[in-house]
Each structure stands twice: as structure tokens, then as C-alpha cells.
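A note on names: the letters A, B, ... follow the listed sequences, proteins ahead of strands, and every chain is numbered from 1.
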Protein chains: 2
Amino acid sequence: MAIDRLDGRLIVLLAREPRIGVLEASRRLGVARGTVQARLDRLQSNGVIRGFGPAVDPAALGYPVTAFATLEIKQGQGADVRAHLAGVPEVLELHTTTGHGDMLCRLVARSNADLQRVIDRVVGFDGIVRASTAIVMENPVPLRIIPLVEQAAEDND
Amino acid sequence: MAIDRLDGRLIVLLAREPRIGVLEASRRLGVARGTVQARLDRLQSNGVIRGFGPAVDPAALGYPVTAFATLEIKQGQGADVRAHLAGVPEVLELHTTTGHGDMLCRLVARSNADLQRVIDRVVGFDGIVRASTAIVMENPVPLRIIPLVEQAAEDND
DNA sequence: AATCTGCTGGTCAATCTGTACAGCGGATCG
DNA sequence: CGATCCGCTGTACAGATTGACCAGCAGATT
């Protein structure tokens, strides 16, 4: 669970250059190949590394518009709303939260006009009382993990 | 840019089982290995697939609390605020948006108490006028891309 | 009809993977 | 203090995969 500096360096290295294999990683880190293999196995069974899936860019797929929608849900309808939203491909992510809204979801669309269609589909469901949408203009910090990994590696060192 | 069914199947296959190589993928898809290689190359230079970095779980790293903060920014301070937030490891993602707030960021923390520290650090900056935070309780739909890829593959087929 | 493009099925050498082993140093424990 | 455990090193091996080619072929384009 707690990662040490070597784990941190390994993760950062893999994040920066995913194509290098275990052997090359061991060379870069200055440790034996078996060590890297053991660390990787451990990190994966720990769940620290969930996998190495391809990072797909929705924009390149033809969905350049991103938005966040805050949804207010009718009491007791949570499960139904979740199931409904899970069925919409443009819903990339859904959270239930504290605070003003009850749920927060990330949407993508083919254009601003298309976003209207997506929102209609998202909110056109009985359990949803109200929705407010914020369209993303810029993304100054894309989803990242390296700084956190470095932080965690130093804390647990 | 537009992906066809084979691209879609390839991406989905890789997303589901990242460890399989080009050879195994070609077997599963029933095409020649060279074809898979060519498709992969194309998808990567298109930017559809940005890479194969490790998917790190912040919770397993010791950061089980996630929150979204909506920030209101003083006019003209955007760039400074961005730089400030980019320097906070617990800020995993930052967007500028339309709507009530001006920015939306995703935070993680070691605990609810620790979240206070993170928020203080985030909002303790001159350009930030107001912040409202929503703590994530559940994550019914974790960040996903497969349904969108399938959608895109069928549209452009 | 000539061209292009993308896919096929095959080859090659080079590399990497998974697995195993013995040795070694540091830390833990009775 | 000595025994033991654990993680890392360095090495070995067979088997699989990779990247790079190639000629042939079918469908679409010009």
C-alpha cells in the first residue's frame, strides 16, 4: 500500500515512457530486472496500478466538447439515475457528492450543439429534478498523477 | 481521425486486456499482425491513443478522499491561479469553465481532515475569490471510454 | 487500364518475458 | 547472540514477441 521511493520512480518512469519494458526500466532505475518485476507485481496486486489501458482522447475521437453537469436527484431515485446515466456513452464519469447538487458527471459531445442533445438525454429522466452544466473551455491541468505519486513516495520513505 | 469498427474493436480489446501484445490482439481480432501494428501506429499518431501509461489509483496510494472544487477567480488572475494550482500535487485536474464558477478542479486528500489542509492550500491564494467544494461519496461510473469508443466506431462505419 | 491503398501471410534476426536459482546483506526475534 | 526471514542481485534458459521487411491480392480511385 505505502509506496517507497523506488516504487515512485518506477511509476513515474512508466508514466513518462510507457513503452519501455521491464528490462529497460530496470536499467534506468539501476536495479535488477527481478526487482522491477517484483515491484510491478506487488503494485498491481495492491491495486496501486490498476492496469495499462490505452489513454484515449475523446477529442480525437470526434468529441471535442467536455462539460460537467451537476444533477439534483429526487429522493430514492439514486439507483435508477445511476443506471440511466451508465447507459449513456457520452457520460464518461459519474460521482455522487455532498453539497448543493447530488451528482456530478463528466460529459463529452461532438459540438456545442450536440451537447444539447447529450444533456437532454442525460436529464430527460424522471428521477432528475434539476441540472446545471458548466462547459469546459480550457484544461490547464489535464488529469495527472505523477506529482501525487512523487509526494506519496517521499512521505512514505 | 475517424475510427472504424476494427479500430474500435482493437481499442476496446486493449482497454479490457492491456497486457496482450500485438500478436495476441491480431489473433483475437482475426486479422494479420501487420494490420494491427499499422492500426496502432495510426491511432497513436492520430492522437486517438495518447499512450499506455499506468492507471494509478489514488486511493491505493493513501488518498482515498476525492472532491471537486468550483473556484471563482478575480479578473485577470487566471494565469497566476493556474500556475498556483499546477503546483499542488493533490490537484489532479483543472478546467476553466463557463457558468457560475470560473474553474473546476479535482482534488484528492488522505482523509476528510486532510482535505481541509488541501483546500486551504488551494484557496489560500490571492486571485481566488470564492470556492465551493463537493466531496465525492461514491463513484458509480468510474472514468471510462469504452462505450464512447464503441459509439464512435459505429457512427463512422 | 493504370494506380493507390490497405490487408494478408510469410520470413528474419534481435529482443524481451517468465521463471528459476544461489548468494548476500539488513532487519527481526527468541 | 545466533537463527531466520525478506528483499535485492546477478545469472541462466527456453519460449514468445517485436520490428522490419516482402510479394501478392482485392477493392476503390482516377
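- Sorted by first and then second residue, the salt bridge (Lys or Arg N to Asp or Glu O under 4.0 Å) pairs with a member in residues 93-105 of chain B read A:Arg106-B:Glu93, B:Glu93-B:Arg106; sequence neighbours excluded.
- First and last contacts of DNA chain C with chain B, using any nucleotide atom under 4.0 Å from a protein heavy atom and ordered 5' to 3', fall at C:dC7 to C:dT11.
- The stretch residues 30-84 of chain B participates, sequence neighbours left out, in these ring pair (Phe, Tyr, Trp, His ring centres under 6.0 Å) pairs: A:His95-B:Phe68, B:His84-B:Phe125.
- Looking at residues 50-57 of chain B, you'll see that no heavy atom sits under 4.0 Å from any atom of DNA chain C.
- The side chain to side chain contact (heavy atoms under 4.5 Å, CB included) test with B:Leu71 is passed by exactly one of B:Thr96, B:Thr133, B:Leu85, B:Leu104: B:Leu85.
- Taking the side chain as every heavy atom from C-beta outward, A:Ile49 and A:Leu40 approach each other to under 4.5 Å.
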Close N/O contacts between protein and nucleotides 6-8 of chain D (under 3.5 Å):
from	atom 1	to	atom 2	distance (Å)
D:dC8	OP1	A:Arg39	NE	2.8
D:dC8	OP1	A:Arg39	NH2	2.4

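- Under the 4.5 Å side-chain heavy-atom criterion for Ile, Leu, Val, Met, Phe, Trp and Tyr, A:Leu107 and B:Met103 are members of distinct hydrophobic clusters.
- Remark: B:Asp120 engages B:Gln116 in a side-chain hydrogen bond (donor to acceptor under 3.5 Å, both in side chains) (not counting sequence neighbours).
- Judged as a salt bridge (Lys or Arg N to Asp or Glu O under 4.0 Å), the pairs with a partner in residues 82-91 of chain B (not counting sequence neighbours) are, in order, A:Glu138-B:Arg82, B:Glu90-B:Arg117.
- In the hydrophobic clustering of ILVMFWY residues, with side-chain heavy atoms under 4.5 Å counting as a link, A:Ile73 and A:Val129 come out apart.
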Counting only pairs under 3.5 Å, give me each side-chain donor-acceptor contact of residues 141-151 of chain A, with atom names and distances, residues two or more places apart or in other chains.
from	atom 1	to	atom 2	distance (Å)
A:Arg144	NE	B:Val91	O	2.8
A:Arg144	NH1	B:Ala86	O	2.8
A:Arg144	NH2	B:Ala86	O	3.2
A:Arg144	NH2	B:Val88	O	2.7
A:Arg144	NH2	B:Val91	O	2.8

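- One finds the CG atom of A:Asp126 at 6.5 Å from the CD atom of A:Gln77 (value rounded to the nearest 0.5 Å).
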Sugar-phosphate or base contact per nucleotide [nucleotides 16-23 of chain D; S, B, -; heavy atom under 4.0 Å]: -SBBB---

Exercise answer: donor-acceptor pairs, residues 7-18 of chain B side-chain atoms, under 3.5 Å, sequence neighbours excluded:
from	atom 1	to	atom 2	distance (Å)
B:Asp7	OD1	B:Arg39	NH1	3.0
B:Asp7	OD1	B:Arg42	NH2	3.2
B:Asp7	OD2	B:Asp4	N	3.3
B:Asp7	OD2	B:Arg39	NH1	3.3
B:Asp7	OD2	B:Arg42	NH2	2.7
B:Arg9	NH2	B:Leu29	O	3.3
B:Glu17	OE1	B:Arg28	NH1	3.3
B:Glu17	OE1	B:Arg28	NH2	3.2
B:Glu17	OE2	B:Arg28	NH1	3.0

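- Cluster membership check: B:Val136 does not share its hydrophobic cluster with A:Leu92, using side-chain heavy-atom separations under 4.5 Å among Ile, Leu, Val, Met, Phe, Trp and Tyr.
- Listed by chain and residue number, A:Glu72 satisfy the side-chain hydrogen bond (donor to acceptor under 3.5 Å, both in side chains) test with A:Arg130 (two or more places apart in sequence, or in another chain).
- An end-to-end axis angle of 40° holds for the helix from C:dA1-D:dT30 to C:dG30-D:dC1, taken from five base pairs per end and rounded to 10°.
- Panel note: side chain B:Thr35, backbone B:Val31; no donor-acceptor pair is recorded below 3.5 Å.
- Cluster membership check: A:Leu61 does not share its hydrophobic cluster with A:Val65, using side-chain heavy-atom separations under 4.5 Å among Ile, Leu, Val, Met, Phe, Trp and Tyr.
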